[in-house]
Amino acid sequence: MSIDKIIAEATAQAVHSLYELEMSPDAITPQTTKKEFEGNLTIVVFPFLKASHKRPEETAQEIGDYLVANCEAVEKFNVIKGFLNITIKPSFWTSVLLHIASEPNFGIKPVTDDSKLVMVEYSSPNTNKPLHLGHVRNNLLGYSLAKILEANGNKVVKTNIVNDRGIHICKSMLAWLKWGNGATPESTGKKGDHLIGDYYVLFDKHYKAELKQIAADRGISEEEAEKESTLMHEAREMLKKWEAGDPEVRALWRKMNEWVYAGFDETYKRMGVSFDKIYYESETYLEGKEKVLEGLEKGVFYRKDDGSVWADLTADGLDHKLLLRSDGTSVYMTQDIGTAKLRYQDYPIDQMIYVVGNEQNYHFQVLSLLLDKVGFKWGKDLIHFSYGMVELPNGKMKSREGTVVDADELMDEMIDTARAMSNEPGRLVGVPEEEKEDVLRMIGLGALKYFILKVDPRKNMLFNPQESIDFNGNTGPFIQYTHARIQSLLRKCDTADLSTDVAQYEPIEKEVELVQRLADFESVVTEAGKSYSPALIANYVFELAKAYNQFYHDCSILKEENGMARAFRLQLSRMVATVIKRGFGLLGIEVPDRM
RNA sequence: GGUUCCGUAGCUCAGUUGGAUAGAGCAACAGCCUUCUAAGCUGUGGGCCCUGGGUUCGAAUCCCAGCGGAAUCACCA
């Protein structure tokens with residue numbers, strides 16, 4: 001049982017016996033005492049005043065006296081206004097540390113047969129362009145969220161829905177046919193996703209030129225010229241052929257998609273994210289239609305005169321929403337209904353989480369209502385894990401203005417920066433030559449991942465490509481460094497030091513602070529799972545590493561004369577390193593043993 | 001205009017179910033490497049927590065109104 005709970009229960013007993021106030025221990029949450037005051041845990045006594053009919057100071061005094069007399073863990077206390085600061089017996093903290101060390105998976109709840117099954121959808125790329133910074137945030141958040149939910153005892157299925165069909169793919173295909181001269185990833189030495197992306201851009205370039213030409217020739221606006229465009233017409237024709245299953249178009253489409261997937265796989269692998277099940281829109285986009293027609297029969301949806309099918313959501317404070325076009329084809333929303341249906345056929349999902357940007361808040365609000373209307377009982381409970389945009393100093397990323405930050409390039413740059421910085425004296429000491437690249441990769445990506453994951457997912461965040469991401473201060477490398485330094489310490493210590501029995505040791509204040517922080521890991525993981533926030537873990541690990549660094553500078557460890565103190569500090573260091581590694585594991589960040 | 005989200009140091013961000021004198025990092029300035037890894041540590045300066053009301057022992061946090069910013073409101077995905 002955690003120390004917080006012990007105190008909460010003892011306090012509940014105290015107010016019951018002193019003031020006959022019935023309080024659930026869960027309602028009492030001791031907080032860590034502020035640094036300026038003496039003590040480890042603080043209880044705010046204001047809520048008890050109505051029952052005690054006494055002044056805050058007196059009430060706190062009485063509860064404090066009760067705790068000292070009746071709770072073994074409590075050593076002493078002091079009272080400031082309505083705050084009861086409790087000091088726990090030092091020996092108790094030793095037992096807390098030993099407990100943490102004895103649990104091989106401290107902070108992680110096991111997955112059992114009756115665990116909830118959660119499906120997390122993330123990434124969801126289009127196959128006509130490479131991944132960019134926005135996808136990076138999505139991927140990192142999605143992967144980390146899956147890890148955190150797993151650590152909270154859920155079965156997790158990570159899934160990806162690849163948008164592999166539609167007009168945008170046809171644009172790339174058309175441009176490749178017209179101007180590609182049979183270029184392949186092999187012939188150009190380019191990653192497949194970048195190659196296809198280039199043709200998408202090329203299409204847009206020619207299309208713009210064509211519009212300008214038509215507008216000038218015919219004396220009409222460029223918007224009006226859109227209807228006259230032969231390029232766009234050809235692209236649409238190609239889409240029709242694709243939908244009709246034209247063998248040539250399908251073959252080309254398959255070939256080009258393979259190139260893109262090979263490119264994506266490389267990026268995903270490097271980023272360290274993975275999926276358990278991938279869905280392709282080309283295989284699911286027809287599925288939703290049947291459900292919509294079923295809903296139409298039941299009268300939940302209605303048909304307009306032109307044949308299009310709509311949902312009336314005005315009762316829920318929303319608008320009317322199109323579900324089937326007048327020509328009978330599906331829209332985005334219909335496809336999502338279909339994909340959801342398939343997924344629930346494939347897995348006994350208890351909860352569905354979509355990791356999708358906040359630009360689609362409305363879409364998921366509608367989807368939730370629609371799934372409910374067509375009779376899926378889980379529709380209402382779906383979670384849209386909505387995250388904010390990544391902004392650049394001059395606003396959003398715009399492909400037209402060439403301000404898109406490419407994921408592959410960004411990762412390259414981060415690793416290059418790590419390499420450049422490692423030239424400073426004292427860096428990468430004792431790292432074998434063959435491991436160096438691997439360590440640099442961990443550091444560069446660690447900096448990038450931590451930079452993105454430490455901010456609250458809901459908020460828009462700013463990324464300045466000019467100022468490269470920091471490696472000092474509140475950063476991934478700082479935390480990795482702390483871990484590497486502890487590993488080095490442990491390599492240098494004697495095995496006798498670690499096997500020394502420390503049960504009787506009474507830790508000093510600085511040590512207690514660290515033990516207390518370590519113990520918090522458990523509740524931080526729980527809280528991160530409840531509020532779907534990797535940022536909580538990130539900030540916790542930073543605080544832990546920072547506190548350890550201060551401790552490291554203040555207390556010599558290997559040179560400590562007292563054998564028990566030395567052993568305790570090494571044990572403590574070992575657990576700090578373990579929790580750092582475990583916490584970073586939940587963020588998908590690797591930690592090197594030397595750097 | 002409707003809906004949703006955001007507004008905290010010069011910059012990037014934390015701030016636990018409402019708790020004590022609002023915290024980090026960067027940037028600036030001043031120190032610390034003959035010492036278990038200086039990607040580190042110590043110190044200084046820097047704030048109308050957007051504004052105004054309300055709720056109460058107590059508000060950056062909850063409620064209402066306003067101001068400012070973002071997203072969205074397609075027979076695009």
Side-chain angles (χ1 to χ4, degrees), chain A residues 26-27 29 31-34 36-37 42 44 46-47 49 56 80-83 85 124 126 163 165-168 281 304 306-310 317-319 321-327 329 331-333 335-336 357-363 365 386 388-389 391 395-396 418 421-422 424-430 443 447 451 454-456 458-464 467 470-482 484-493 520 523-524 527 531 535-536 538-540 542-543 546 549-550 552-560 569-570 573 594-595:
Chain A
D26 297 335
T29 45
Q31 41 204 286
T32 48
T33 305
K34 292 218 160 197
E36 330 52 298
F37 304 102
T42 297
V44 183
F46 288 108
L49 296 187
I80 297 166
K81 292 192 278 184
F83 299 91
N85 301 322
S124 315
N126 290 352
N163 180 13
R165 59 165 287 278
I167 191 74
H168 47 284
E281 227 173 72
K304 276 192 181 173
D306 62 4
S308 55
V309 177
W310 295 73
L318 300 175
D319 230 326
K321 187 75 194 173
L322 176 81
L323 295 175
L324 290 176
R325 296 191 185 97
S326 43
D327 63 7
T329 56
V331 292
Y332 179 39
M333 188 63 73
Q335 292 173 28
D336 261 4
N358 63 13
E359 61 203 352
Q360 292 194 31
N361 284 353
Y362 180 71
H363 173 81
Q365 211 180 331
S386 161
M389 303 285 97
E391 287 166 0
K396 277 188 77 175
M421 292 185 74
S422 72
E424 282 178 35
R427 301 273 166 86
L428 296 188
V429 283
I443 297 171
F451 177 82
K454 76 172 172 184
V455 326
D456 184 338
R458 285 168 308 176
K459 290 187 178 176
N460 287 0
M461 63 176 293
L462 189 88
F463 175 76
N464 190 341
E467 305 168 16
D470 241 303
F471 284 66
N472 301 319
N474 186 355
T475 64
F478 165 79
I479 296 161
Q480 289 169 322
Y481 175 71
T482 308
R485 187 194 247 171
I486 293 172
Q487 293 306 328
S488 161
L489 197 62
L490 292 174
R491 278 192 296 270
K492 281 181 184 161
C493 76
D520 283 343
S523 61
V524 170
E527 190 52 38
S531 58
L536 235 48
N539 287 303
Y540 165 78
F542 172 66
E543 295 294 337
K546 195 176 140 76
N549 270 292
Q550 287 164 4
Y552 179 92
H553 272 266
D554 291 344
C555 305
S556 56
I557 296 172
L558 290 179
K559 296 202 181 87
E560 172 65 46
R569 286 174 190 181
L570 282 167
S573 300
R594 324 159 188 258
M595 65 185 272

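Letters go in sequence order (proteins before strands), and every chain restarts at 1.
Counting non-hydrogen atoms under 4.0 angstrom, A/M389 reaches nothing in the nucleic acid. Using a 4.0 Å heavy-atom distance criterion, A/L536 is classed as a sugar-phosphate-only contact. Counting any heavy atom pair closer than 4.0 Å across all strands shown, A/A27 reaches no nucleic acid atom. Using a 4.0 Å heavy-atom criterion, one finds that A/L462 contacts the sugar-phosphate atoms exclusively. The residue A/D456 sits close only to the backbone: its heavy atoms come under 4.0 Å of sugar-phosphate atoms, none of a base. Counting non-hydrogen atoms under 4.0 angstrom, A/Q480 reaches nothing in the nucleic acid. Note on A/Y481: a base of the nucleic acid sits closer than 4.0 angstrom, heavy atoms only.
Nearest nucleotide to the side chain of A/H553, out of B/G15, B/A14, B/G40: B/G40. Set against B/U17, B/U35, B/U37, the side chain of A/A484 has B/U37 as its closest nucleotide. Across B/A39, B/U72, B/C36, the shortest atom-to-atom separation from the side chain of A/Y362 is found for B/U72. Of the candidates B/U37, B/A71, B/C73, the closest approach to any side-chain atom of A/D319 belongs to B/C73. Among B/C36, B/U8, B/A38, the nucleotide with an atom closest to any side-chain atom of A/K459 is B/U8. Of all nucleotides listed (B/A70, B/A38, B/U35), B/U35 comes nearest to the side chain of A/K559. Side-chain proximity of A/Q550 to B/C13, B/C36, B/U42: nearest is B/U42.
Atom CE in A/M461 sits 12.0 Å away from atom CE in A/M389 (nearest 0.5 Å).
The nucleotide B/G45 finds no pairing partner, because no Watson-Crick or G-U wobble arrangement with both distances shorter than 3.5 Å includes it. A 3.5 Å limit on both hydrogen-bonding distances identifies B/G69 as the Watson-Crick or G-U partner of B/C5. Under the Watson-Crick or G-U wobble criterion, with both distances below 3.5 Å, B/A38 is left unpaired in every strand shown. The base-pairing partner of B/U56, taking Watson-Crick or G-U wobble contacts with both distances under 3.5 Å, does not exist among the strands shown.
Computed from coordinates, the A/L489 CG to B/C36 C1' distance equals 5 Å when rounded to whole Å. Distance, A/N539 CG to B/G15 P: 6 Å, rounded to whole Å. Look at NZ on A/K321: it is 7 Å from P on B/A74, rounded to the nearest Å. Remark: C1' of B/G68 and CG of A/N460 are 15 Å apart, rounded to the nearest angstrom. In this structure, A/N464 atom CG and B/U12 atom C1' are separated by 10 Å, rounded to whole Å. The distance from atom CZ of A/F478 to atom C1' of B/A38 is 12 Å, rounded to the nearest whole Å. Whole-Å rounding puts the A/D554 CG to B/C36 P distance at 16 Å. Distance, A/M461 CE to B/C11 C1': 14 Å, rounded to whole Å.
The same atom, P, is picked in B/U12 and in B/G1; the two are 27 Å apart, to the nearest Å.
Listed by chain and residue number, nothing satisfies the ring pair (Phe, Tyr, Trp, His ring centres under 6.0 Å) test with A/F83 (two or more places apart in sequence, or in another chain). Every residue was checked against the salt bridge (Lys or Arg N to Asp or Glu O under 4.0 Å) condition with A/D26, not counting sequence neighbours, and none meets it.
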- [ ] Treat primed atoms plus P, OP1 and OP2 as sugar-phosphate and everything else as base, then score nucleotides 18-34 of chain B 5' to 3': B for base contact with protein heavy atoms under 4.0 Å, S for sugar-phosphate contact only, - for none.
- [x] -BBS--SSS--------
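Heavy-atom nearest nucleotides on RNA chain B were determined for A/N549 and for A/H168, and the one closer to the 5' end corresponds to A/N549.
Phosphate proximity of B/A71 to A/Q360: absent, as no side-chain N or O sits under 4.0 Å from OP1 or OP2. A sub-4.0 Å separation between OP1 or OP2 of B/C76 and a side-chain N or O of A/R325 is present. Under 4.0 angstrom from either OP1 or OP2 of B/C5 there lies no side-chain N or O belonging to A/R458. Contact annotation: A/S488 side-chain N/O to B/U37 OP1/OP2 distance is under 4.0 Å.
Comment: A/D456 engages A/R458 in a salt bridge, judged by a side-chain N to carboxylate O separation of less than 4.0 angstrom.
Proximity of A/F451 to A/T475: side-chain heavy atoms (C-beta onward) are nowhere separated by under 4.5 Å. When side chains are defined from C-beta on, A/I443 counts as touching A/F471, because their heavy atoms get closer than 4.5 Å. Residues A/L318 and A/Y362 meet the side-chain proximity criterion, which asks for heavy atoms closer than 4.5 Å.
In textbook terms, a nucleotide whose glycosidic angle is within 90° of 0 is syn, and B/C33 is one such case.
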Open item on the list: Between A/E424 and A/R427, is the salt bridge (charged side-chain N to carboxylate O under 4.0 Å, His left out) condition met? List the steps.
Closed with: CA-CA 6 Å; A/E424 282 178 35; A/R427 301 273 166 86; 3.1 Å; yes
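Defined by atom type and a distance below 3.5 Å, a donor-acceptor pair is present between the side-chain atoms of A/Y332 and A/Q360.
Judged by distance alone, with hydrogens and angles left aside, A/T29 brings a side-chain donor or acceptor within reach of the base of B/U17, the pair sitting under 3.5 Å.
Counting only distance, with no hydrogens or angles, the side chain of A/R569 and the backbone of A/S556 share a donor-acceptor pair below 3.5 Å.
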